[in-house]
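These notes are about the structure you will find just below.
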Amino acid sequence: MKALGQVVATLSHVPGVVVAMVVGAVDGLIIETSPLIGVSPGAPDTRKHTAALAAYLYSKVTRASDAARLGTPAFMRLEAERGHIFVVGARDLVLVTIITPDANLGRVRLEMMNAARDKS
Amino acid sequence: MSDPTVAEGWVAAPLTRLKEDARLISGVLLYPTGRAVGQFGFSNAADVMSICALTSAINASARELGRQLDGKPFYEMHHTGSERQVFMARASAGAQEFLFVGVFDRESSLGVVEIYFAEFQKALEQLRPEKQATGKGPSGDFEGELNRSLDALFGPIGKR
């Protein structure tokens, strides 16, 4: 099983990943995070906000999926104007990445799914 | 859930926003002396009175505990119960210090409460009156101060 630091390091080296974080699924607090990549110095650090809200959103998605009798969600992708947020659950953790629009989304998804499987 | 009731009007909007954004069930903003400034989620003055007294005491104990264990006061606390969780933290507006205690359940999370509490703190700083109301320091009349603040929140005894 990979250490959490190694999971974050692996994900953050995938081209297009701005930040990779391991977050507590229940409390939404960051457990392990990579540095923000490609963000100008002095820009506000939004990792804490993103982690808390992404974990919260994932918990709601899990409920929606359960209500629709679809079981546990495998993967959550949020597409926004200037990029994407990917979230994958792994028991009591969620992996969260922020990704640029031009990234290889398939590769990021694959790496996250592999990391989540290792953690489950 | 009802809107906050406040003893000082300027805290109403930040409290409402905190309640809604962080999905808090209940909360009380108070001075470290135990005097209530605003609350939501409570309909009973006695409950608020107990919470103010306990929060004030817990804050004093936690600060001293922090000083002894870590060399600096503890300013934020979180307790996870089986169903509900309690978040307690210090806020400030200028030189004036406040305490906030809020309750949430699985509809929220500590991370979410923390980020919206940080925004609440900023709002207090921005909205604070130029001249803070006088008499916020401890007067020594703890019970009297507490009762006056509860009167402001729930109306005088007999009309509650």
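Chain letters run A, B, ... following the sequence lines, proteins first, then strands; residues in each count from 1.
Contact annotation: the side chain of B:Glu114 approaches that of A:Leu29 to within less than 4.5 Å [non-hydrogen atoms, C-beta and beyond]. Within the 4.5 Å cutoff, side-chain heavy atoms of A:Leu53 are placed close to those of B:Ile115.
Linking ILVMFWY side-chain heavy atoms closer than 4.5 Å, directly or via other members, places B:Leu24 and B:Phe120 in a single hydrophobic cluster. Clustering ILVMFWY residues whenever any of their side-chain heavy atoms sit less than 4.5 angstrom apart, transitively, puts B:Met77 in the very cluster that holds B:Val101.
Contact detail for B:Arg23 and A:Tyr56: the closest heavy-atom pair is CD-OH, 2.7 Å. Minimum heavy-atom separation, A:His49 to B:Glu119: NE2-OE2, 4.0 Å.
With values rounded to the nearest 0.5 angstrom, A:Asp27 atom CG is found 7.5 Å from B:His78 atom NE2.
For CZ of B:Arg106, the number of neighbouring non-hydrogen atoms (other residues, nucleotides, ligands) closer than 6.0 Å is 12 at most. Enclosure of atom CZ in B:Arg67 by more than 12 non-hydrogen atoms of other residues, nucleotides or ligands within 6.0 angstrom is indicated. Shown here is A:Lys60, whose NZ atom has more than 12 heavy atoms of other residues, nucleotides or ligands within 6.0 Å.
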